[in-house]
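Letters A, B, ... mirror the listed sequences (proteins, then strands); counts begin at 1. Because only heavy atoms are used, hydrogens play no part in the values below, and waters and symmetry mates are left out as well, while side chains stay in. Not measured: the values here are computed from a predicted model.
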2 protein chains.
Amino acid sequence: MHTESKDEMRDKILEAALRRFTHYGASKTTMNEIADDLRCSKASLYYYFPDKKAMHMAVLEKIAEAYFQEMEKEADNVNSATEALIRIVDIRKQFISKFCRLEIFMLLKDASDLMLQEKKKGMEREIALHVKIIKAGIASGEFNVKNPEQIAELLVQACAGLRFSVPDHIREDMDLDDEMFELVMEKQKQLLEVFINGIKA
Amino acid sequence: MHTESKDEMRDKILEAALRRFTHYGASKTTMNEIADDLRCSKASLYYYFPDKKAMHMAVLEKIAEAYFQEMEKEADNVNSATEALIRIVDIRKQFISKFCRLEIFMLLKDASDLMLQEKKKGMEREIALHVKIIKAGIASGEFNVKNPEQIAELLVQACAGLRFSVPDHIREDMDLDDEMFELVMEKQKQLLEVFINGIKA
DNA sequence: TTTTGACTTCGTAACTTAAAAAGTCAAAAA
DNA sequence: TTTTTGACTTTTTAAGTTACGAAGTCAAAA
């Protein structure tokens, strides 16, 4: 396989891996399959990534970057804080439904230290952008909140938690069927509505 | 072992099982250990319960009954709906900290059909009593809510979800350390505060 | 500098098995 | 007749093994 630059090849690999990962999950995807898709050897992959886990992380980071950037675009340009928070839930829904098979939700078993760290960073980034929106809401007189950081964290965690409490059982693979996924997102919206009401000025 | 009645013996067994279960967990407790505690034979236990699972369920039901009755007492006699909801969270905290080792939280693996069904019933009972409180709040003019059923379900599920989203990882055994447990309960209170605000008249 | 085939190492699923725990029952005791 | 029990069988599970597929390495080639 020929590419103009090292970065470009790296990106091609990430794309191929993403395709496989979203279809079959990372653990069911072999390095050989990715290599075959790219018509290159498996050894090549190891020229660009130290190991499979690093590659997996890179895929996740790429997705996460797009996810957060779209959210932050929303947070940076707030007309109505209420509207912004609602948009955030929609963006989240879009992304999760696209990339739920990526094994981001490896919260229980596995969960290397590094991944946990990255997950934490992600949460903090999501909270930070909620803080920004809430502060904008305070500034505009929409909200009345003493501690935006605490409230933002609470909102993010409460929404995330519905992922686990709404289904009546959690499958080993952590997957939700479509119907349950829709229900969870619906609940997130309902919660957000009450929550916004609860912090209104 | 001698007792006055069949029911009394059944209850003695339940007590012994509860002691073992809370200390070591149900799966680490053998029928022989329970029998030895009671100075009776294992076979006797099978005279009162068809199998270990049924016994486990009976223990859980006994605890749950006390749990719900205390909550329902609160729900049946509401002065301030707001206060009642806060009290509910406190009751929940008390019970969970006492009986968290009972393997009630077997949500992922295992999870027999019957247990899932009982869990669902429990959730519904908890929601029902929240509905009662919220309706009382509406009647007294504290709250302004169109669909108390939906709101009650949302509140219960959002609180329950924090159990999973606040810890940065979920251990296989589903246990929380004390510090994390306190944090989760604190978050439940925070959420409740915003939530109550969000449904105020 | 990048790629590769041939290689070694590692992880896991599939068996095996031995011990422990669940569960049964006919007979004894109350 | 109701309750209890020791001796029994069956089932579950933890531990150990193996074999295969996938991860990862490297010297040589492009």
Side-chain angles (χ1 to χ4, degrees), chain A residues 1-17 19-21 23-60 103 106 108-115 172-173, chain B residues 1-17 19-21 23-60 103 106 108-115 172-173:
Chain A
M1 179 133 201
H2 175 74
T3 52
E4 295 304 317
S5 74
K6 201 166 175 176
D7 276 1
E8 195 187 334
M9 182 58 184
R10 219 185 111 94
D11 217 62
K12 284 256 182 287
I13 295 173
L14 254 22
E15 280 171 32
R19 272 194 301 275
R20 285 271 172 191
F21 288 178
H23 274 326
Y24 310 108
S27 57
K28 291 286 181 195
T29 298
T30 72
M31 296 298 267
N32 265 315
E33 286 169 338
I34 296 168
D36 291 348
D37 288 351
L38 292 165
R39 249 76 68 93
C40 75
S41 74
K42 180 179 62 168
S44 288
L45 304 182
Y46 286 92
Y47 179 74
Y48 294 95
F49 298 95
D51 53 34
K52 188 185 180 181
K53 197 192 292 196
M55 196 177 83
H56 189 182
M57 290 273 289
V59 171
L60 257 35
E103 289 165 31
M106 300 227 282
L108 1 88
K109 73 169 183 173
D110 197 328
S112 70
D113 258 5
L114 195 73
M115 241 171 189
E172 192 75 23
D173 58 10
Chain B
M1 178 132 203
H2 174 73
T3 53
E4 294 305 315
S5 74
K6 200 165 175 174
D7 275 1
E8 195 188 333
M9 182 59 183
R10 218 184 110 95
D11 217 60
K12 283 257 181 286
I13 294 172
L14 253 22
E15 280 171 33
R19 271 195 301 275
R20 285 271 173 192
F21 287 178
H23 273 324
Y24 310 108
S27 57
K28 291 287 181 194
T29 298
T30 73
M31 296 299 267
N32 265 315
E33 287 168 339
I34 295 168
D36 291 348
D37 289 350
L38 292 167
R39 248 78 66 93
C40 76
S41 75
K42 180 179 62 170
S44 287
L45 303 182
Y46 285 93
Y47 179 72
Y48 294 95
F49 298 96
D51 52 33
K52 188 185 179 181
K53 198 192 292 198
M55 197 177 84
H56 190 182
M57 290 273 291
V59 170
L60 258 34
E103 287 164 33
M106 301 225 284
L108 359 90
K109 73 168 183 173
D110 197 333
S112 70
D113 257 7
L114 195 73
M115 239 170 190
E172 191 75 24
D173 58 11

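Residues satisfying the side-chain contact (heavy atoms from CB on, under 4.5 Å) test with A/Y46, not counting sequence neighbours, are A/M31, A/K42. In this structure, A/N32 has no side-chain hydrogen bond (donor to acceptor under 3.5 Å, both in side chains) partners at least two apart in sequence or on a different chain. Checked against side-chain contact (heavy atoms from CB on, under 4.5 Å), A/A54 has the following partners two or more places apart in sequence or in another chain: A/P50, A/D51. Every side-chain contact (heavy atoms from CB on, under 4.5 Å) that B/T29 has, sequence neighbours left out, goes to B/R20, B/F21, B/Y24, B/E33, B/I34. Contacts of B/D11 classified as salt bridge (Lys or Arg N to Asp or Glu O under 4.0 Å), with partners at least two apart in sequence or in another chain: B/K62.
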task = Assign a letter to each nucleotide of nucleotides 23-30 of chain D from its 5' end: B, base within under 4.0 Å of a protein heavy atom; S, sugar-phosphate only; -, no contact.
result = BBBB----

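Taking atom CD on A/E8 and atom C1' on C/dT1, their separation rounds to 16 Å, with Å as the unit. With rounding to whole Å, B/Y48 atom OH is found 18 Å from C/dG23 atom C1'. Going from atom CG of A/D7 over to atom P of C/dT2 covers 10 Å, rounded to whole Å. For the pair B/R10 CZ and D/dT3 P, the computed distance is 13 Å after rounding to whole Å. Rounded to an integer number of Å, the gap from NZ of B/K12 to P of D/dT3 is 16 Å. Atom pair B/H56:NE2 and C/dA22:P shows a separation of 13 Å (rounding to whole Å applied). One atom, NZ of B/K28, and another, C1' of C/dA20, lie 12 Å apart when rounded to the nearest Å. For the pair B/R20 CZ and C/dA21 C1', the computed distance is 14 Å after rounding to whole Å.
A heavy-atom distance below 4.5 Å is not found between the side chains of B/F49 and B/M57. Residues B/M115 and B/L60 have side chains in contact (heavy-atom distance under 4.5 Å, counting atoms from C-beta outward).
The listed nucleotides are C/dT2, C/dT4, D/dT4; the one nearest the side chain of B/Y47 is D/dT4.
Among the atoms of the strands shown, none is found under 4.0 Å from any heavy atom of A/F49.
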task = Under the side-chain contact (heavy atoms from CB on, under 4.5 Å) rule, what do B/M55 and B/Y48 come out as? Steps first, then yes or no, please.
result = CA-CA 9 Å; B/M55 197 177 84; B/Y48 294 95; over 6 Å; no

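The end-to-end axis angle of the helix from C/dT1-D/dA30 to C/dA30-D/dT1, rounded to 10 degrees and based on five pairs per end, is 40°.
One finds a side-chain N or O of B/S44 lying less than 4.0 angstrom from the OP1 or OP2 phosphate oxygen of D/dT5.
Taking OG of B/S27 as the reference point, atom NE2 of B/H56 lies at 8.5 Å (rounded to 0.5 Å).
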